[in-house]
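Counting convention: from 1, in listed order, for ligands and their atoms alike. Worth knowing before you read on, the calculation uses all heavy atoms, side chains too, and leaves out hydrogens, waters and symmetry mates.
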Amino acid sequence: MEVCVIAKCTYKSETIMFSVSSESSMVDILKTLCLRFRGLQLGCFTLRYSVPSYPSCFLETDSDLDLMRTFLLISNEKTVDILVKDLCGISEYSGDFCVNKELIACEKGESSCSSTVEDRNEFLGRSKRASAKPLLSNEWETYIHHVGQKFDGGAEEFRLKLCKYALEVGFNFLYAGNDKKRVVAVCSNKKLEGCSWRVYASRCEATGSFVIRTLNNVHTCAGRIRESKSKMMRSRVVSSLIVDRIRAKPELKPVEIIHEFKDYYGIDISYYHAWFGKELAKLDVHGDESKSFNELVWYADAVKETNTGSLCTLDCEAGINRFRRFFVSFGGCIAGFQYCIPLLFIDATFLKSKYKGQLLCASGKNGNQGFYPLAFGVVDSETEENWTWFLQHLASILLPMGRVVTFFSDRNQGLLNAMGFVFPGWPHSYCYYHLKQNLISKYPKSGYGKLLQDRVINLFSRCAYAVTEEEFKVAMDELVIVGSSKVKAFISDLSRDHYANAFFKGMRYGEMANSLAESFNNWVGVFRDLPVLPLIEGIRQKLMVLNSQRRIEAEKWTTVLCPEMETRLCENAEAGRTWAVRRSNCTVFEVFADYSVMVDLEQRTCSCRLWQIDGFPCTHAVAAILAKRDSVYDYVECYYKTDFFRKAYESPIFPIPDIGKGLGSNGSAAGVVLPPITKRPAGRPPTKRIKIMSRNYISMLTYL
Ligand SMILES: [Zn+2]
Ligand SMILES: [Zn+2]
């Protein structure tokens with residue numbers, strides 16, 4: 001038997017009755033109502049029904065209807081009162097809920113008026129009504145709601161939440177009183193329209209938290225619409241929202257922040273607020289930049305305590321205790337460096353923090369051709385005195401190891417002087433890449449100048465790479481003729497002993513350029529605009545992870561040589577498979593390639609000179625070794641072997657927890673360490689004009 005109830009529907013003063021069966025749908029009911037009640041407009045009413053204890057239940061969807069029927073059935077009711085409520089003029093409803101959609105769809109004939117109702121948006125293509133994207137700011141609406149509400153973060157938290165609340169709700173406020181103990185805010189329309197919105201919060205002396213004491217949360221001013229630009233979006237608000245982002249990604253740019261705010265919060269912020277918000281967030285994350293120098297006192301001790309064998313020095317101006325320079329080399333790196341190729345790439349890179357300065361680095365190279373940062377320093381500039389100080393520290397690491405390394409650097413005069421002073425007679429190679437750039441800069445970039453430049457650079461490269469003095473001389477003579485006065489001036493103060501293969505005294509292991517130091521600069525790039533302590537800590541943490549990864553990686557290696565070098569050795573062996581090799585005595589061989597060369601296995605030389613230059617058996621040498629039926633590996637430098645690589649990473653870099661920082665004595669015995677005198681001009685950032693591209697539109701915004 002079909003279950004049927006009688007619905008008594010009342011609209012204004014009229015009531016109609018109709019039956020609701022188990023087959024009836026919401027659309028049927030709405031259609032009936034629209035037909036029977038004159039003046040009832042589509043999309044402008046809601047339905048409520050009442051059952052005992054629940055006087056006002058919504059009746060909007062088919063499932064509401066099902067529930068109503070079930071309830072009536074179990075409570076054995078045969079009738080139900082339904083109230084039709086007009087929505088016109090009531091602003092709290094947007095007029096977009098399912099009643100309307102169903103009705104509109106029904107009227108347009110898009111639906112068969114069955115209980116399955118189609119969504120018109122599905123058919124409107126590009127014209128469809130976009131639904132609101134949920135924004136991260138949506139919850140701000142709940143930030144201020146009742147008297148007695150507590151803010152544990154005190155006045156700061158209260159003010160911040162008040163700003164966010166006003167932003168999301170869509171009004172501006174003014175402070176009628178604002179200090180550490182109490183905050184009173186009124187709607188900015190109070191004067192003009194007499195709006196009565198007002199909040200008063202004050203500090204609870206016992207707990208230090210802020211409590212809302214009075215709140216009139218109703219606006220009597222004109223309607224409020226949340227705007228994308230708001231005076232409430234202050235730098236403090238920006239900072240509070242990006243502080244975690246800055247922690248994870250210190251290099252975040254103000255322009256990126258502007259984009260993220262549009263995307264996450266639907267808010268346009270000015271470049272100034274983004275920039276200043278970032279500065280504030282950096283302060284929160286990394287602390288005050290000027291105080292960072294004083295923290296180095298703690299850090300230097302912490303390094304020595306946690307990483308035994310480290311060398312770490314903080315140098316301050318005597319008397320006034322002002323920061324001068326800092327040097328650090330971690331114990332793990334020092335222990336491992338003796339298993340690396342004896343090369344050191346010395347370079348300096350600019351720091352971008354408030355106090356500027358330079359980061360000095362000395363990096364070696366592991367057997368797998370990867371870079372191996374050994375030491376770094378922070379100084380104000382590349383002076384001879386600073387370089388001397390840095391190199392002296394380096395010497396105190398290298399000299400006890402009892403081995404000579406080959407240095408690579410650019411031709412900074414301060415560094416050259418310091419090098420001659422601290423490491424007299426040690427092989428020192430100028431970076432070929434820097435020399436080339438130097439020479440290029442002397443020629444125009446286009447037209448005939450460009451052609452000449454290419455020719456000069458080509459000849460210069462031949463000079464640098466030439467393996468014999470004769471080859472060098474031929475190339476150099478031609479270079480001087482082609483390049484004339486410019487080249488003469490360039491080479492007049494450039495000693496060939498420091499860059500040309502044919503004349504270089506010492507082992508360069510096939511290296512020509514300071515490319516490793518360049519890659520180290522890229523590697524530390526993200527830390528360069530941080531204060532001094534986070535800069536050094538950032539590098540240490542990255543180094544710790546890198547060394548750990550390499551240790552794990554090397555555990556999997558099964559070859560005698562590091563993979564990179566094993567491959568090179570195989571290639572060299574392949575190249576000489578077809579060559580004839582004749583023996584002269586037990587260690588000297590003649591190898592017939594395209595031309596013939598002499599290989600001396602005892603002296604480890606080949607007349608092609610590549611074995612001597614690279615420190616790695618050349619194709620001819622490998623052919624001779626194989627002919628002698630020796631093990632090729634016996635002729636390879638131990639630095640290239642897997643077991644040396646593993647030893648280089650055996651000693652880890654240890655964490656430096658800062659959980660105990662600031663608990664002990666503050667500052668050195670001589671007092672607080674002062675920051676260096678800054679050379680940066682003070683003031684606001686320059687006016688910027690930025691192009692913003694958000695998801696939906698492109699607009700040009702001018703700020704400041
Ligand atoms: Zn108001
Ligand atoms: Zn050779």
Side-chain angles (χ1 to χ4, degrees), residues 91-92 140-141 143-145 162-176 183-201 212 214-227 230-232 465-471 501-502 504 507-510 565 568-584 587-628 630 632 634-637 640:
S91 63
E92 69 179 291
W140 298 351
E141 213 177 344
Y143 275 2
I144 302 287
H145 51 90
L162 188 59
C163 282
K164 289 178 182 172
Y165 172 76
L167 251 166
E168 189 60 21
V169 173
F171 69 97
N172 292 338
F173 65 81
L174 302 168
Y175 288 118
V183 172
V184 184
V186 295
C187 176
S188 63
N189 289 335
K190 182 182 162 79
K191 252 191 182 158
L192 275 172
E193 302 180 39
C195 178
S196 55
W197 183 91
R198 183 179 185 275
V199 64
Y200 164 58
I212 297 184
T214 64
L215 172 67
N216 179 1
N217 212 0
V218 178
H219 287 269
T220 50
C221 60
R224 289 159 305 283
I225 290 180
R226 183 191 187 282
E227 288 167 330
S230 168
K231 286 178 189 163
M232 295 294 111
Y465 279 100
V467 293
T468 63
E469 295 185 18
E470 293 72 42
E471 279 177 50
N501 268 333
F504 191 78
M507 277 300 286
R508 289 199 288 187
Y509 296 89
M565 303 316 287
R568 192 181 292 183
L569 190 67
C570 289
E571 283 167 3
N572 285 359
E574 284 304 316
R577 287 258 181 259
T578 57
W579 296 342
V581 180
R582 309 242 156 80
R583 186 189 288 253
S584 165
T587 56
V588 177
F589 291 81
E590 188 167 10
V591 179
F592 296 88
D594 298 340
Y595 40 84
S596 72
V597 293
M598 183 177 87
V599 175
D600 186 332
L601 295 183
E602 198 178 34
Q603 300 295 320
R604 300 201 175 183
T605 60
C606 172
S607 34
C608 82
R609 283 189 44 89
L610 283 182
W611 196 358
Q612 295 91 303
I613 287 169
D614 291 348
F616 192 80
C618 62
T619 49
H620 316 112
V622 175
I625 296 163
L626 292 175
K628 195 180 176 231
D630 265 0
V632 189
D634 292 346
Y635 293 88
V636 177
E637 294 262 12
Y640 295 125

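- Within the 4.5 Å cutoff, no side-chain heavy atoms of Tyr143 are placed close to those of Leu162.
- Take Asp614 and apply the salt bridge (charged side-chain N to carboxylate O under 4.0 Å, His left out) test, not counting sequence neighbours, and it matches no residue.
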> Taking it one step at a time, do Tyr200 and Val183 satisfy side chain to side chain contact (heavy atoms under 4.5 Å, CB included)?
Replying inline: CA-CA 6 Å; Tyr200 164 58; Val183 172; over 6 Å; no
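- If you look at His620 and ask which of its N, O or S atoms sits nearest the Zn ion (ligand 2), the answer is ND1.
- Looking at His219 and the Zn ion (ligand 1) together, the shortest N, O or S contact belongs to ND1.
- Angle SG (Cys221) to the Zn ion (ligand 1) to SG (Cys195): 110°, rounded to 10°.
- Screening residues 571-580 for side-chain hydrogen bond (donor to acceptor under 3.5 Å, both in side chains) gives Glu574-Arg577 as the qualifying pairs, with residues at least two apart or on separate chains.
- Between the SG atom of Cys618 and the SG atom of Cys606, the angle taken at the Zn ion (ligand 2) works out to 110° after rounding to 10°.
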